[in-house]
Amino acid sequence: MTDPATLSAAEAARRIRDGRLSATALTEALLDRIAMREPGIRAFVHLDPALAQRQAEAVDRAAKAGRAGPLAGLAFGVKDVLDTADQPSQYGSPIWAGHRPRTDAACVALARRAGAVILGKTVTTEFATRHPGPTANPHNPGHTPGGSSSGSAAGAAAGFFHAGFGTQTAGSIIRPAAYCGAVGFKPSFGTLHRAGMKVMSESLDTIGVITRSVGDAAFAMAGLTGGDYGDPEARPGRAPRLGLCWGPTAEQAAPETRQAIERVAAAAARAGAEIVPVEMPEALGAGLAAHALVMNGESAEALAWELDHAPALLSPGLRERMEWGRDQPRAAKEAGRAAFAAARAAVAGVMADIDAILTPSAPGEAPEGLGWTGDPAFNSLWTLLHLPCVTVPVGTGPRGLPLGAQIVTAFGRDREALAWAEWVRQAAVA
């Protein structure tokens with residue numbers, strides 16, 4: 001008999017709705033898997049198996065009554081910068097230790113409404129910035145899983161849940177997903193409402209999902225939003241026109257990344273894709289140059305209370321960046337936001353001539369050690385542009401750790417981003 005924990009999200013939900021599988025049995029199978037591997041991965045900051053089982057029992061009762069939602073019985077991990085009414089929300093900071101919100105974040109509430117089981121809270125770096133938590137890479141515990149969505153990426157890759165909520169301000173969905181060999185999906189900016197999130201940057205923060213497959217990401221997003229995210233595993237009627245883009249940070253690509261992206265491009269071309277080199281307009285480089293100032297300036301505003309009332313409980317690195325951001329002139333932040341807007345206007349012309357951009361997901365393999373979560377060099381640009389991005393695993397590097405390829409499409413073309421990402425993944429492994 002098939003282990004329920006290995007079923008795709010769509011198949012598991014279908015079986016629960018049809019009465020061929022119970023949400024309770026599925027949750028038990030996932031909890032068994034967690035019990036085996038969690039001590040070495042440490043994806044969760046809070047996990048209550050009894051609470052998870054009570055949620056699953058409620059799903060089973062709803063299913064028997066014919067009220068199963070589109071995500072019936074599927075397990076979600078929730079990054080701990082997103083509020084949960086029944087579990088602590090501590091934002092990766094001792095300042096908020098033991099904090100119990102009264103309500104769920106909007107995305108969590110939507111998951112519950114659709115029938116999902118909120119399995120637990122996953123580790124985040126401090127306020128979704130850089131100071132790491134204890135999570136290890138599931139492929140090698142001596143290496144980082146990336147950040148800031150550390151626990152969601154590691155947990156999804158380890159098969160602990162069907163989808164892990166992540167957030168991205170620079171590279172916090174795409175990079176950790178790539179490091180862990182998972183699929184990361186950062187939708188178009190604003191797709192999932194940020195109510196109930198510990199927001200850091202008004203201009204940048206985006207909620208998305210990390211999953212085991214592109215199909216699972218599409219299924220989860222459709223269930224959360226009611227939108228049409230298609231069936232990425234269905235072969236499209238034509239091959240794509242892909243823009244190969246190294247971007248303004250091209251020199252930061254490690255040899256294994258450069259080789260991987262070139263290999264993926266060649267495989268896509270053999271499968272029928274048209275590969276065209278893409279050079280970014282100067283406005284995009286100017287936008288990227290403003291990213292750190294806008295991000296840290298807005299984050300300093302978001303952490304105004306913590307800076308004023310508990311600065312000693314901030315990590316030294318974060319406190320330094322927040323103090324720098326706080327001291328930036330208002331005019332400089334406004335100029336940075338204007339640079340973002342100009343970059344978004346400029347990229348529209350680039351995207352008009354191609355179906356999607358093919359670009360690295362990260363500079364290289366996951367760095368050794370847990371003290372640094374890696375560099376968002378190949379992510380910050382796409383985040384400030386507000387474009388949908390997908391990373392898919394495309395092999396391993398010299399240390400046997402996963403490498404990812406990133407697919408980016410025009411704003412609002414989220415369904416196409418998922419479809420072309422899966423097309424590229426299949427071409428790469430053919």
Side-chain angles (χ1 to χ4, degrees), residues 5-6 9 30 33-34 36-45 75-80 119-120 122-125 128 130 132-168 170-186 208-214 216-217 220 254 256-257 260 360-376 378-379 389-407 421 425 428-429:
T6 64
L30 292 168
R33 178 173 289 193
I34 291 166
M36 292 177 61
R37 297 201 64 191
E38 171 64 4
I41 296 176
R42 301 182 296 282
F44 291 98
V45 67
F76 275 64
V78 177
K79 182 178 180 178
D80 201 26
L119 200 57
T122 59
V123 171
T124 177
T125 61
R130 296 188 181 183
T135 308
N137 193 302
H139 294 270
N140 185 330
H143 290 251
T144 181
S148 60
S149 306
S150 313
S152 288
F160 291 173
F161 34 73
H162 299 94
F165 279 121
T167 66
Q168 182 157 310
S172 294
I173 293 173
I174 298 298
R175 187 177 77 260
Y179 283 168
C180 292
V183 169
F185 177 49
K186 184 200 78 64
V209 295
I210 303 176
T211 59
R212 287 178 286 186
S213 70
V214 180
D216 282 1
E256 63 266 22
T257 291
S361 302
E365 292 175 293
E368 189 171 2
L370 303 184
W372 183 50
T373 60
D375 195 315
F378 290 98
N379 314 120
C389 311
V390 188
T391 181
V392 290
V394 291
T396 57
R399 295 188 173 190
L401 292 167
L403 297 171
Q406 184 174 195
I407 293 296
R425 189 199 67 79
V429 300

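We number each residue from 1, following the sequence as shown. Because the structure is predicted, anything quoted here is derived from the model rather than measured.
- Contact of the V392 side chain with the I407 side chain is not registered, since no non-hydrogen atoms from C-beta on lie closer than 4.5 Å.
- When only modelled atom types and interatomic distance are considered, T135 and S150 share no side-chain donor-acceptor pair under 3.5 Å.
- Listed for the S149 side chain is a donor-acceptor partner under 3.5 Å among the backbone atoms of T167.
- Of all non-hydrogen atoms in A220 and A163, the two that sit nearest each other are CB-CB, 4.2 Å.
- Contact detail for V394 and G404: the closest heavy-atom pair is CG2-C, 3.8 Å.
- Looking at heavy atoms from C-beta onward, F160 lies in side-chain contact with R37 at the 4.5 angstrom threshold.
- At distances below 3.5 Å, not a single donor-acceptor pair connects side-chain atoms of R175 with backbone N or O atoms of A170.
- Of all heavy-atom pairs spanning A157 and C180, the tightest one is CB-O, 3.2 Å.
- A donor atom on one side chain and an acceptor atom on the other are not found under 3.5 Å apart for K79 and S152.
- The backbone N or O of W372 lies less than 3.5 Å from no partner atom in the side chain of R130, so there is not a single donor-acceptor pair.
- Using a 4.5 Å heavy-atom cutoff, the side chains of D216 and V183 are not in contact.
- Of all the heavy atoms in P367 and G374, the pair that sits closest is CG-CA, 4.1 Å.
- Judged by distance alone, with hydrogens and angles left aside, the side-chain atoms of Q406 form no donor-acceptor pair with the main-chain N or O of V390 at under 3.5 Å.
- From I173, atom CD1 reaches atom SG of C389 across 9.0 Å, with rounding to the nearest 0.5 Å.
- By the side chain to side chain contact (heavy atoms under 4.5 Å, CB included) test, A5 is found to be paired with D3, A29, L30, R33, residues two or more places apart in sequence or in another chain being considered.
- With a 4.5 Å cut-off on side-chain heavy atoms, V123 and R42 do not count as touching.
- Taking CG of L403 as the reference point, atom OG of S361 lies at 9.0 Å (rounded to 0.5 Å).
- The distance from the NE2 atom of H162 to the OG1 atom of T211 is 11.0 Å, given to the nearest 0.5 Å.
- The distance from atom OH of Y179 to atom OG1 of T391, rounded to the nearest 0.5 Å, is 11.0 Å.
- When atom types are taken as modelled, the side chain of S172 and the backbone of S148 share a donor-acceptor pair closer than 3.5 angstrom.
- Using bins of under 30°, 30° to 60° and over 60° for the plane-to-plane angle, the ring pair F44/F161 lands in the perpendicular bin.
- Looking only at distances, no side-chain donor or acceptor of N137 sits under 3.5 Å from a matching main-chain atom of H143.
- Shortest non-hydrogen contact noted between I210 and A177 is CG2-CB, 4.0 Å.
- In terms of heavy atoms, P398 sits closest to E365 at CD-OE1, 3.3 Å.
- Between the NE2 atom of H139 and the CZ atom of R399 there is a distance of 15.5 Å, given to the nearest 0.5 Å.
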